[in-house]
Amino acid sequence: LRRMEPSRAAMETEVEPGSSPGELAEFPVSTPALLEAEATPLESLVAHREAIDAHAPLETAHARFRDRNVKFMAVVEGRRVVGLCSRGEIGFLMGSRFGFALYSKHRVDGYLVQQPLIITTGSPVRPLLDRAMARRGDKFHEEVVLVNGEGRLVGLIPAEALAHVQSQLVAEQLRELRQQQAMLQR
């Protein structure tokens with residue numbers, strides 16, 4: 001919640017003794033502090049760091065998904081993240097009739113998730129939540145790829161972790177709103 005700046009007329013007429021014009025006793029003009037949820041380090045939300053090479057065959061990706069309990073893996077070329085692959089999509093391809101015979105030698109980078117959400121460490125939490133929570137359908141459940149400034153994988157953040165941060169942010173906003181309302185009713 002942002003505090004609104006008072007109008008110029010209000011600033012000139014509502015000055016308390018001992019304070020300078022432009023200073024209001026109860027509602028000082030200042031940039032609001034970040035809420036606790038907004039200060040959450042994105043690295044603390046990472047659930048895993050599973051990745052696969054972009055040139056790896058789908059057979060390798062399918063086996064890796066089978067051996068690990070993850071729904072998504074980052075796809076890397078060299079050390080840079082180039083996308084995201086999905087257990088569900090690769091499993092569907094490989095599990096279809098003749099799927100293994102048809103697709104097992106195809107490269108992973110040919111079967112990437114469309115428009116994955118890839119963010120950089122240090123990105124502000126609120127815009128990330130806005131983008132992540134606005135996704136529709138199956139996109140909503142896709143993990144968010146966190147990279148460093150060089151595009152290297154830091155880890156994958158599950159949608160559930162983002163939903164918890166969003167819930168914490170809403171609770172903090174509600175608490176702040178109630179405090180402001182209590183001040184106004186005095």
Side-chain angles (χ1 to χ4, degrees), residues 1-4 28 30-56 58 60-92 108-109 111-182:
L1 295 173
R2 305 268 184 239
R3 290 191 172 91
M4 295 184 61
S30 64
T31 304
L34 285 178
L35 296 173
E36 194 175 310
E38 291 178 285
T40 302
L42 297 178
E43 295 86 345
S44 71
L45 303 175
V46 168
H48 67 88
R49 292 171 176 75
E50 292 295 331
I52 190 161
D53 186 78
H55 303 284
L58 286 179
T60 302
H62 188 251
R64 180 123 12 117
F65 275 125
R66 190 178 53 239
D67 295 342
R68 292 169 173 77
N69 190 22
V70 296
K71 296 176 185 172
F72 296 91
M73 286 191 290
V75 178
V76 295
E77 194 164 349
R79 293 186 171 176
R80 293 182 52 88
V81 171
V82 294
L84 183 70
C85 65
S86 160
R87 172 189 206 118
E89 289 181 31
I90 291 176
F92 179 77
V108 170
D109 62 358
Y111 300 89
L112 299 177
V113 167
Q114 295 296 309
Q115 300 175 331
L117 187 49
I118 301 175
I119 55 160
T120 308
T121 54
S123 296
V125 170
R126 202 177 285 225
L128 164 60
L129 293 174
D130 291 344
R131 289 177 60 199
M133 297 300 146
R135 299 179 297 177
R136 302 248 181 242
D138 291 340
K139 298 291 283 175
F140 180 83
H141 299 284
E142 288 177 7
E143 293 178 354
V144 174
V145 183
L146 182 62
V147 297
N148 66 16
E150 298 168 348
R152 294 181 179 174
L153 180 65
V154 174
L156 281 83
I157 302 172
E160 294 84 8
L162 296 173
H164 287 293
V165 173
Q166 176 81 356
S167 180
Q168 182 184 358
L169 182 62
V170 168
E172 289 178 48
Q173 289 173 324
L174 203 60
R175 203 168 28 254
E176 189 172 282
L177 186 61
R178 286 182 179 138
Q179 289 171 350
Q180 289 175 359
Q181 184 180 19

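Between the T120 side chain and the S123 main chain, no donor and acceptor come within less than 3.5 Å of each other.
You'll find the side chain of M73 reaches within 4.5 Å of the side chain of V70, heavy atoms only. A heavy-atom distance below 4.5 Å is found between the side chains of L146 and T121.
Other residues, nucleotides and ligands place no more than 12 heavy atoms under 6.0 Å from the CD atom of E36. Atom NZ of K71 has 12 or fewer neighbouring heavy atoms from other residues, nucleotides or ligands inside a 6.0 Å radius. Taking a 6.0 Å sphere around CG of N69, one finds it holds 12 or fewer heavy atoms contributed by other residues, nucleotides or ligands. Annotation for D138: atom CG does not count as buried by contact number, only 12 or fewer foreign heavy atoms lying within 6.0 Å.
The only option from L162, L128, L84 that meets the side-chain contact (heavy atoms from CB on, under 4.5 Å) definition with L117 turns out to be L128.
When every heavy atom of I157 is checked against every heavy atom of L42, the shortest pair comes out as CD1-O, 3.8 Å.
In this model, a donor atom of one side chain and an acceptor atom of the other lie less than 3.5 Å apart for H48 and E143.
Residues R80 and E77 are not paired through a salt bridge, judged by the lack of any N-O separation under 4.0 Å between the basic side chain and the carboxylate. Electrostatic pairing of E50 and R68 counts as a salt bridge here, judged by a charged N lying under 4.0 Å from a carboxylate O.
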